[in-house]
Amino acid sequence: QVQLVESGGGLVQAGGSLRLSCAASGRTLSAYDMGWFRQAPGKEREFVAFISSSGGSIYYTDSVKGRFTISRDNAKNTVYLQMNSLKPEDTAVYYCAAKIFSGSVHRLQMYAYWGQGTQVTVSS
């Protein structure tokens, strides 16, 4: 089992940048494919980005393509989400999760070991 802790959220103006980190403990992160999800108030949790265990496969939801970059440093047991050109609609709690089931990378049910989330607020 792996424990995940997100950090790096905060309040930023539209057009600004933040880098989220997801640090793992309990087991090496290199064993897992990883995803970032977000949940805005009153909305369902949605897929944001995915990176395979080796970093060789990466996917993004359409709304963040060209603005967000997912990466990982397995030596540091950490996954990152670099967010640039932030928009008010990016405001949400962001979660990282380890994908342990075979299936679509977009589906929450394929993931386990969720972090507690970090709040990102983008002001207009």
Side-chain angles (χ1 to χ4, degrees):
Q1 188 169 347
V2 63
Q3 292 79 43
L4 302 173
V5 178
E6 301 95 337
S7 62
L11 174 63
V12 63
Q13 289 188 332
S17 298
L18 286 172
R19 188 175 82 155
L20 306 183
S21 298
C22 172
S25 62
R27 192 174 177 184
T28 178
L29 202 61
S30 61
Y32 298 98
D33 298 334
M34 296 295 296
W36 282 97
F37 289 77
R38 65 186 179 186
Q39 187 166 18
K43 295 188 176 180
E44 294 186 351
R45 193 169 300 189
E46 65 174 0
F47 169 80
V48 176
F50 166 88
I51 187 167
S52 62
S53 57
S54 67
S57 295
I58 289 176
Y59 303 101
Y60 299 99
T61 193
D62 286 347
S63 62
V64 308
K65 285 180 181 177
R67 300 188 298 122
F68 289 13
T69 302
I70 189 171
S71 63
R72 66 191 300 157
D73 185 337
N74 286 337
K76 294 184 177 180
N77 245 15
T78 303
V79 175
Y80 304 98
L81 186 67
Q82 177 67 45
M83 306 187 295
N84 298 330
S85 303
L86 283 161
K87 304 176 180 180
E89 50 263 43
D90 294 318
T91 295
V93 177
Y94 283 71
Y95 300 89
C96 65
K99 186 176 183 293
I100 66 170
F101 299 110
S102 298
S104 170
V105 303
H106 302 86
R107 294 186 63 200
L108 282 72
Q109 294 83 359
M110 301 299 108
Y111 294 79
Y113 311 134
W114 293 80
Q116 83 290 347
T118 185
Q119 176 71 48
V120 171
T121 303
V122 184
S123 63
S124 58

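Everything quoted here is computed from the prediction, not taken from an experiment. Positions are given from 1 along the sequence.
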Check: How far apart are the closest heavy atoms of Val2 and Arg27, and which atoms are they?
Finding: CG2-O, 3.8 Å
Notebook entry, point to check: Nearest heavy-atom pair of Gln116 and Val5: which atoms, and what distance?
Noted result: OE1-CA, 3.7 Å
Notebook entry, point to check: Given side chains that start at C-beta, do those of Asn74 and Thr28 come closer than 4.5 Å, heavy atoms only?
Noted result: no
Checklist line | Leu29 reachable from Tyr80 in the ILVMFWY side-chain graph, under 4.5 Å edges | finding: no
Item checked: Flag, side chain of Arg72 to backbone of Ser52, donor-acceptor distance under 3.5 Å -> yes
Item checked: Donor-acceptor pair between Tyr60 and Arg67 side chains, under 3.5 angstrom -> no
Check: Judged by atom type as modelled, is there a donor-acceptor pair below 3.5 Å linking the side chain of Asp73 to the main-chain atoms of Thr78?
Finding: no
Check: Per the ring-ring contact (aromatic ring centres under 6.0 Å, His included) rule, which among Phe50, Tyr59, Phe47 passes with His106?
Finding: Phe47
Note to self: Is the shortest side-chain heavy-atom distance between Leu108 and Trp114 below 4.5 Å?
What the structure shows: yes
Check: What's the shortest heavy-atom distance between Thr91 and Val122, and which atoms?
Finding: OG1-N, 2.9 Å
Check: With Gln3, which residues qualify under side chain to side chain contact (heavy atoms under 4.5 Å, CB included), at least two apart?
Finding: Gln1, Ser25
Item checked: Side chains of Cys96 and Leu4 in contact at under 4.5 Å (non-hydrogen atoms) -> yes
Check: What are the two closest non-hydrogen atoms of Met34 and Tyr111, and how far apart are they?
Finding: C-CE2, 4.2 Å
Let me have the donor-acceptor pairs involving side chains of residues 9-24, under 3.5 Å, with sequence neighbours excluded, atom names and distances please.
unit_1	atom_1	unit_2	atom_2	d
Ser17	OG	Asn84	OD1	2.9

Item checked: Validation row: Thr61, Glu46 side chains within 4.5 angstrom (heavy atoms) -> no
Check: Is a salt bridge present between Asp90 and Lys87, judged by a nitrogen-to-oxygen distance below 4.0 Å?
Finding: no
Next item on the list: Might you work through the side chain to side chain contact (heavy atoms under 4.5 Å, CB included) test for Asp33 and Val105, ending with a clear yes or no?
Entry: CA-CA 9 Å; Asp33 298 334; Val105 303; over 6 Å; no
Margin query: Ignoring hydrogens, what is the shortest heavy-atom contact between Ala112 and Ile100? Give both atom names and the distance.
Written below: CB-CD1, 3.5 Å
Margin query: For the CD atom on Gln109, are there more than 12 heavy atoms of other groups (residues, nucleotides or ligands in this structure) within a distance under 6.0 Å?
Written below: yes
Next item on the list: For residues Met83 and Trp36, determine if any side-chain heavy atom of one lies less than 4.5 Å from a side-chain heavy atom of the other.
Entry: no
Note to self: Minimum heavy-atom separation for Tyr95 and Glu6, please, with both atom names.
What the structure shows: CA-OE2, 3.2 Å
